[in-house]
Amino acid sequence: QVQLVESGGGLVQAGGSLRLSCAASGRTFSPYAMGWFRQAPGKEREFVASITWNGGNTLYADSVKGRFAISRDNAKNTAYLQMNSLKPEDTAVYYCAASLSRVDWPTVRAPRRYDYWGQGTQVTVSS
């Protein structure tokens, strides 16, 4: 079993930055990819970014490209999401997720590709 715990959320003004962390624990952790998703009230969960664990390949949603950066520290079993130039529309609960099996890379945008999820961390961007 794998446990994912997010941290780093909070309240920030528009234009500000936050760094989210996702720490994994449990069984020997060697996922194929880690992803970040977000869900705003009344909206579906949407893809934000993903990174392969061993190759470092990344993929971003168009809405965050150039502002957010996903990274990972294999030694610490931790994934990160650096969020810069935050906008009010970035307000949501942010979730990290782990995909244990190799999948076609573009399909990592789909929540169903992930096996484990964290509990989420709230990010609120004020205007």
Side-chain angles (χ1 to χ4, degrees):
Q1 192 73 359
V2 172
Q3 292 82 42
L4 303 177
V5 179
E6 301 99 334
S7 61
L11 173 64
V12 64
Q13 289 188 334
S17 299
L18 285 173
R19 189 175 82 151
L20 305 183
S21 299
C22 174
S25 62
R27 53 172 281 180
T28 301
F29 191 66
S30 183
Y32 169 66
M34 296 290 293
W36 286 96
F37 291 76
R38 64 187 182 187
Q39 188 166 19
K43 295 187 177 181
E44 292 187 354
R45 189 167 299 190
E46 67 170 351
F47 171 78
V48 176
S50 185
I51 186 168
T52 55
W53 197 247
N54 292 322
N57 293 331
T58 59
L59 188 67
Y60 294 94
D62 288 344
S63 59
V64 306
K65 200 173 295 182
R67 299 189 298 124
F68 290 11
I70 189 171
S71 61
R72 88 280 187 231
D73 185 328
N74 298 42
K76 295 182 179 180
N77 283 349
T78 300
Y80 303 96
L81 185 68
Q82 178 67 44
M83 305 186 295
N84 300 324
S85 302
L86 282 161
K87 305 175 181 180
E89 50 263 44
D90 294 318
T91 295
V93 177
Y94 283 71
Y95 299 90
C96 71
S99 174
L100 300 186
S101 302
R102 184 181 182 90
V103 298
D104 290 337
W105 183 233
T107 69
V108 294
R109 295 175 181 269
R112 68 179 185 277
R113 293 302 189 190
Y114 294 82
D115 304 289
Y116 294 97
W117 292 82
Q119 82 290 349
T121 185
Q122 176 71 46
V123 171
T124 303
V125 185
S126 63
S127 57

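The basis for the numbers below is simple: all heavy atoms, side chains too, and nothing from hydrogens, waters or symmetry mates. Here, residue 1 is the first one in the sequence, and each next residue gets the next number.
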Would you give the length of the straight line joining atom NZ of Lys65 to atom OG1 of Thr58, rounded to the nearest 0.5 angstrom? 9.5 Å
Ignoring hydrogens and angles, state whether a donor on the side chain of Asp73 or Thr78 is under 3.5 Å from an acceptor on the partner side chain. no
So CD of Glu6 and SG of Cys22: to nearest 0.5 Å the spacing works out to 5.5 Å
Within this structure, what is the CG-OG1 distance for the pair Leu81 and Thr121, rounded to the nearest 0.5 Å? 11.0 Å
If you compare all heavy atoms of Asn54 against all heavy atoms of Asn74, which two are closest, and at what distance to 0.1 Å? OD1-ND2, 3.8 Å
For residues Arg113 and Thr107, is any side-chain donor paired with an opposing acceptor at under 3.5 Å? yes
Please report the closest heavy-atom contact between Ala14 and Ser127, naming both atoms and the distance. CB-CA, 4.4 Å
Indicate whether the side chain of Tyr32 and that of Ser50 have a donor and an acceptor atom separated by less than 3.5 Å. no
Could you check whether any side-chain N or O of Asn84 sits under 3.5 Å from a backbone N or O of Ser17, counting only pairs where one atom can act as donor and the other as acceptor? no
Between Phe68 and Trp36 (judged by ring centroids, cut-off 6.0 Å), do the two rings come close enough to count as a pair? no
To the closest 0.5 Å, what do you measure between CZ (Arg38) and CD (Glu44)? 14.0 Å
The test is ring pair (Phe, Tyr, Trp, His ring centres under 6.0 Å); show your working for Tyr60 and Phe47 and say whether it passes. CA-CA 8 Å; Tyr60 294 94; Phe47 171 78; 8.3 Å; no
